[in-house]
Amino acid sequence: MSSPEVAKTPGGGDPGKEGKGPVANGHGEGDSNPFAEYMWMENEEEYNRQVEEELLEQEFLERCFQEMLDEEDQDWFIPARDLPSGVGQLQQQLNGLSVSDVSTEDIVRKSSLNPEAKEFVPGVKY
């Protein structure tokens, strides 16, 4: 391959790499920007500012949400927290009481209600 045809090829003798030989900086001629992978650094300050703003906004939202939860806790009535300790004992005693100490037959016998009376319906005159 030392013929004059080899000298005519732009790649220096390799016909498969026409026009795509390496340049002095190590990148091919077809690369539009050899520093494309580093272009994000151009706007590094803007990127840092955006990230910082997002973090501050997230922190602000978390603070607001926590304040809202604290206000909600203050507004709600929670007996264990809001009542004095003696009231809890009184509440337990009241829960222990029952109304049905007297049998239902005794209540019916002592009742002065008329079992034959019409059912009361509000707004209806008899």
Side-chain angles (χ1 to χ4, degrees):
M1 284 216 131
S2 59
S3 66
E5 295 174 4
V6 174
K8 293 179 185 176
T9 58
D14 196 358
K17 293 186 177 180
E18 294 178 14
K20 297 182 182 177
V23 185
N25 64 3
H27 293 278
E29 290 179 26
D31 295 343
S32 61
N33 186 354
F35 300 104
E37 63 185 271
Y38 303 105
M39 290 305 292
W40 66 270
M41 291 180 172
E42 179 181 12
N43 300 323
E44 184 177 9
E45 291 178 9
E46 177 68 20
Y47 175 77
N48 288 342
R49 188 187 59 75
Q50 285 178 343
V51 169
E52 187 175 349
E53 281 180 9
E54 290 173 9
L55 291 173
L56 290 174
E57 182 178 350
Q58 182 179 3
E59 181 183 332
F60 175 74
L61 289 175
E62 287 175 3
R63 259 195 338 259
C64 289
F65 189 71
Q66 187 60 44
E67 287 178 18
M68 182 183 68
L69 289 176
D70 292 343
E71 286 177 8
E72 226 174 59
D73 283 346
Q74 290 174 358
D75 292 344
W76 287 3
F77 176 75
I78 302 172
R81 180 192 71 193
D82 299 334
L83 293 176
S85 61
V87 176
Q89 294 172 351
L90 182 60
Q91 189 175 11
Q92 288 176 350
Q93 290 174 351
L94 287 174
N95 289 339
L97 294 176
S98 65
V99 179
S100 63
D101 288 342
V102 181
S103 67
T104 54
E105 295 173 3
D106 291 340
I107 294 173
V108 172
R109 237 182 292 131
K110 294 178 183 176
S111 174
S112 61
L113 297 176
N114 180 4
E116 304 298 324
K118 292 182 180 178
E119 183 178 348
F120 173 75
V121 179
V124 175
K125 294 183 180 180
Y126 295 102

## Note on the structure
Sorted by chain and residue number, the side-chain hydrogen bond (donor to acceptor under 3.5 Å, both in side chains) partners of D70 (sequence neighbours excluded) come out as Q66
### Message
Quick test of your reading of the model: are R49 and E52 salt-bridged, counting only N-O distances below 4.0 Å?
### Response
no
### Query
How would you list, by chain and number, every residue that makes a side-chain hydrogen bond (donor to acceptor under 3.5 Å, both in side chains) with E72, sequence neighbours excluded?
none
Side-chain atoms of residues 113-124: list all donor-acceptor pairs with protein atoms under 3.5 Å, sequence neighbours left out, distances to 0.1 Å.
unit_1, atom_1, unit_2, atom_2, d
N114, OD1, E116, N, 2.9

Enumerate, atom names and distances included, each donor-acceptor pair closer than 3.5 Å involving a side-chain atom of residues 55-63, sequence neighbours excluded.
unit_1, atom_1, unit_2, atom_2, d
E59, OE2, R63, NH1, 3.4

### Message
Checking E67 now: which residues fulfil salt bridge (Lys or Arg N to Asp or Glu O under 4.0 Å) with it, not counting sequence neighbours?
### Response
none
### Residue E53 excluded, over 12 heavy atoms near CD under 6.0 Å
yes
### Message
Suppose clustering is done on Ile, Leu, Val, Met, Phe, Trp and Tyr with side-chain heavy atoms closer than 4.5 Å. Which residues sit in the same group as F65?
### Response
M68, L69
